[in-house]
Chemist: 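Let me give you the structure first, and then I'll get to my questions.
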Amino acid sequence: MDLVQFIKKEMIWVQTPCQDQTALFAEVSTRAASQDLITDKFLQKLTEREAIFPTGLQLENFGVALPHTDPECVTEQFIAVLTSEAGIPFKQMADANQETTANLIFVLGLNEPHSQLAVLQQLMGAIQNEEHVKALLAAKTADDIIETLSQVVLHLKGEEKL
């Protein structure tokens, strides 16, 4: 199971204009709802979960966030990918008293436990490699993001080098 199968071009924002979590979550929810990917509880549950279990990760040179919510809020699995040059503040997963500025955000709309585990493993492998993160942040289009993630997955499987 590859994370790329859950990437939908319509759910990619290259250089999102969103400046905070509220705007970001609203934008993702609106677009996901228009494609019948989520229930009407998605935005509320996503916001509540992030407040209780923050998902920001501070890497050496970048901030990343992996917000997600309850499986019952997702009707069709997806991963939204957003890049932000300015970054969006997220509380850190390891210490909620610390904040990170996320330049790369993956909103996980997954509703099957085995999908979630496999995708999280691939995402962690991807974001732990600075070259992968740089390539995603350098993307100019949704197609660039999809191509980069496809190459990252192949790289993680040892089938191809980036």
Side-chain angles (χ1 to χ4, degrees), residues 1-128 132-133 136-137 139 141-142 145-146 148-149 152:
M1 182 161 303
D2 292 337
L3 69 92
V4 177
Q5 76 186 70
F6 301 113
I7 304 292
K8 298 182 183 315
K9 190 173 180 177
E10 306 78 26
M11 296 301 293
I12 297 174
W13 289 259
V14 176
Q15 298 306 329
T16 178
C18 297
Q19 296 181 2
D20 60 33
Q21 278 182 34
T22 302
L24 179 123
F25 290 172
E27 183 67 29
V28 170
S29 296
T30 298
R31 198 172 296 180
S34 74
Q35 297 173 56
D36 297 321
L37 302 177
I38 59 171
T39 69
D40 59 355
K41 295 279 187 201
F42 182 86
L43 177 58
Q44 173 192 341
K45 294 291 188 180
L46 181 66
T47 304
E48 288 173 0
R49 189 179 193 297
E50 187 67 30
I52 297 167
F53 301 107
T55 61
L57 295 167
Q58 183 60 54
L59 307 176
E60 191 169 330
N61 295 307
F62 304 100
V64 177
L66 305 166
H68 53 284
T69 190
D70 305 330
E72 61 270 11
C73 297
V74 178
T75 55
E76 183 182 330
Q77 298 191 103
F78 70 93
I79 299 173
V81 183
L82 302 96
T83 61
S84 170
E85 193 171 325
I88 297 172
F90 275 81
K91 293 199 180 293
Q92 289 188 26
M93 189 182 296
D95 180 356
N97 294 316
Q98 300 288 319
E99 213 171 67
T100 190
T101 301
N103 305 99
L104 181 60
I105 301 107
F106 296 93
V107 180
L108 308 180
L110 303 173
N111 60 15
E112 297 175 12
H114 64 279
S115 300
Q116 194 162 10
L117 180 59
V119 166
L120 282 172
Q121 288 173 332
Q122 288 179 352
L123 283 175
M124 293 309 289
I127 65 175
Q128 289 175 349
H132 295 166
V133 176
L136 289 165
L137 293 175
T141 67
I145 294 275
I146 293 168
T148 301
L149 285 172
V152 166

Chemist: Does Ile38 reach the side chain of Ser29, with side-chain heavy atoms less than 4.5 Å apart?
Modeler: yes

Chemist: Looking at Leu136, Leu137, Ile145, Val81, which one forms a side chain to side chain contact (heavy atoms under 4.5 Å, CB included) with Val14?
Modeler: Ile145

Chemist: Give a yes or no on whether the backbone of Pro54 and the side-chain of Gln92 come within a donor-acceptor separation of less than 3.5 Å.
Modeler: no

Chemist: Kindly write out the residues that satisfy side-chain hydrogen bond (donor to acceptor under 3.5 Å, both in side chains) with Glu72, not counting sequence neighbours, or none if the list is empty.
Modeler: none

Chemist: Lys8 versus Leu37: any side-chain heavy-atom pair under 4.5 Å?
Modeler: yes

Chemist: Do Glu85 side-chain atoms and Gln15 backbone N/O form a donor-acceptor pair below 3.5 Å?
Modeler: no

Chemist: Check the surroundings of atom CD in Glu112: do more than 12 heavy atoms from other residues, nucleotides or ligands lie under 6.0 Å from it?
Modeler: yes

Chemist: Could you tell me whether the side chain of Gln35 reaches within less than 4.5 Å of the side chain of Glu10, counting heavy atoms only?
Modeler: yes

Chemist: Is there a donor-acceptor pair closer than 3.5 Å between any side-chain N or O of Thr83 and the backbone N or O of Leu104?
Modeler: no

Chemist: Are Val28 and Leu82 packed together at the side-chain level, in the sense that at least one heavy-atom pair is separated by less than 4.5 angstrom?
Modeler: yes

Chemist: If you round to the nearest 0.5 Å, how far is CG of Leu123 from CD of Gln128?
Modeler: 10.5 Å

Chemist: Are any of the side-chain heavy atoms of Leu120 and Leu108 separated by less than 4.5 Å?
Modeler: yes

Chemist: With side chain to side chain contact (heavy atoms under 4.5 Å, CB included) as the criterion, how do Met124 and Leu66 come out once you've worked through the C-alpha distance, each side chain's angles and the decisive distance to 0.1 Å?
Modeler: CA-CA 10 Å; Met124 293 309 289; Leu66 305 166; 3.9 Å; yes

Chemist: Supply the atom-to-atom distance Asn103 CG to Leu59 CG, rounded to the nearest 0.5 angstrom.
Modeler: 9.5 Å

Chemist: Say whether, by atom type as modelled, one donor and one acceptor occur between the side chain of Thr69 and the main chain of Phe42 under 3.5 angstrom.
Modeler: no

Chemist: About how many Å separate CG of Asn111 and CD of Gln77, when rounded to the nearest 0.5 Å?
Modeler: 4.0 Å

Chemist: Side chain to side chain contact (heavy atoms under 4.5 Å, CB included) for Gln122 and Asp2? Distances and angles first, verdict last.
Modeler: CA-CA 8 Å; Gln122 288 179 352; Asp2 292 337; 3.2 Å; yes

Chemist: Determine whether Val74 and His68 make a side-chain contact, defined as any pair of heavy atoms from C-beta on separated by less than 4.5 Å.
Modeler: no

Chemist: Check the pair Phe106 / Leu3 against side chain to side chain contact (heavy atoms under 4.5 Å, CB included), numbers first and verdict last.
Modeler: CA-CA 11 Å; Phe106 296 93; Leu3 69 92; 5.6 Å; no

Chemist: Output the distance between atom NZ (Lys45) and atom OG1 (Thr47), rounded to the nearest 0.5 Å.
Modeler: 11.0 Å

Chemist: Could you check whether any side-chain heavy atom of Thr75 comes within less than 4.5 Å of a side-chain heavy atom of Thr39, counting everything from C-beta outward?
Modeler: yes

Chemist: Where is the tightest heavy-atom contact between Gln21 and Pro89, given as atom of each residue plus distance?
Modeler: NE2-O, 3.2 Å

Chemist: Which atom names give the shortest non-hydrogen contact between Gly56 and Thr100, and what distance separates them?
Modeler: CA-CG2, 3.8 Å

Chemist: What is the distance from atom CG of Leu149 to atom CD1 of Ile12, rounded to the nearest 0.5 Å?
Modeler: 7.5 Å

Chemist: Please answer whether the main-chain N or O of Cys18 pairs with a side-chain N or O of Ser84 as donor and acceptor at a distance below 3.5 Å.
Modeler: no

Chemist: Just jot down the salt bridge (charged side-chain N to carboxylate O under 4.0 Å, His left out) partners of Glu27, sequence neighbours excluded, or say none.
Modeler: Arg31

Chemist: Show your reasoning for whether side chain to side chain contact (heavy atoms under 4.5 Å, CB included) applies to Trp13 and Leu24.
Modeler: CA-CA 10 Å; Trp13 289 259; Leu24 179 123; over 6 Å; no

Chemist: To the nearest 0.5 Å, what is the distance between NZ on Lys91 and CZ on Phe53?
Modeler: 15.5 Å

Chemist: Taking Glu50 for its side chain and Thr55 for its backbone only, find out whether a donor-acceptor pair lies under 3.5 Å.
Modeler: yes

